[in-house]
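Beneath this line is the structure, given in structure tokens, with notes to follow.
Ligands are counted one by one from 1 in listed order, and the atoms in each one are counted from 1 as well.
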Amino acid sequence: MTTSFRKTPGWLDWYAEPSRPRYRLPEGAVDAHCHVFGPGAAFPFAPERKYTPCDASGDQLFALRDHLGFARTVVVQATCHGADNSAMVDALRASGGLARGVATVRPAVSDAELRELHEAGVRGVRFNFVKRLVDAAPRQDLRDVALRIAPYGWHVVVYFEAADLPELRDFLLSVPVPLVVDHMGRPDVTKDPDGPEFGAFLDLMRARPDIWCKVTCPERLSVSGPPALDGERSAYRDVVPFARRVVEEFPDRVLWGTDWPHPNLVSHMPDDGLLVDFVPHIAPTPELRRKLLVDNPTRLYWPDAG
Ligand code: 0GY
């Protein structure tokens, strides 16, 4: 029996025919933040999910990787799959070592399960604090999970919104493994990049040398919007000063990814080719781009590679 799922009303499907980026990615570039959704008939969405997406399979993700010119991908468990990592793990196994994963696990996870996830390519877990995506997990559960994964050399990916950082800061700094912050902690880009709110995020980055940042999701953070239809490819301008700031101050601790298939976008669905063309605006030199796209993600996810 197969299960069919009805998408959340208004759900925007991923862009079926992305353009080829004009910016040519360096050899060995890693898409360090993307997801797979189902397919729901093979990997049912979790009962506790807050949205039901369209299908977006591992094969479709890898076709996009090749089209854009990435060498490798990091597949982040999406909340619509809860703590059932099987769709993500299936994609990792199908990738022939070209994909690593970030899982969601509960404190009751067994050592055998953790070993199996590691063997499949998982190198981190995600703690999600975005209230529209998940019900809050007790901090003690998160601490327990962090202690359980530490022996595997994994890190914790954290997703939160800027307004929640003051309350989260002490907890984040107490996590006993490296941290990777999604989407720059979701700054409000109508505010001043030199102001106190983004300053609090930069201070978090300064507080520990093992905190990394994904300078991702201009399409999610931007208020000024996507590229115009007249061929203007350098859009999302309002996000540039924030991302560039992080890249220039922490060049060895930044990562970039497409966020395909772009869950929960309501304003527009980006052309992934145009998203890649955004990278030179936030990492203006070849050296910064090599660190962002190749050296940093390879060090974090494929430390044994060349
Ligand atoms: C993202 C952002 C979102 C969703 C998820 O796991 C998820 O459901 O990550 C979002 O809705 O902002 O990184 O993909």
Those residues with a heavy-atom separation under 4.0 Å from ligand 1 are H33, H35, Y51, A78, T79, R126, R132, L133, Y159, H183, R186, R220, D259, P263, N264
Identify, with sequence neighbours excluded, every residue that meets side-chain hydrogen bond (donor to acceptor under 3.5 Å, both in side chains) alongside T52.
-> R49
Set of side-chain hydrogen bond (donor to acceptor under 3.5 Å, both in side chains) partners for Y159, sequence neighbours left out = R186
Below 4.0 angstrom, N of the basic side chain to O of the carboxylate: do K214 and D259 qualify?
-> no
Check H81 against G38 and note the closest heavy-atom contact, atom names and distance.
-> NE2-N, 2.8 Å
side-chain hydrogen bond (donor to acceptor under 3.5 Å, both in side chains) involving R72 - partner list, sequence neighbours excluded | none
Answer yes if the ring centres of H33 and H183 are under 6.0 angstrom apart, and no otherwise.
-> yes
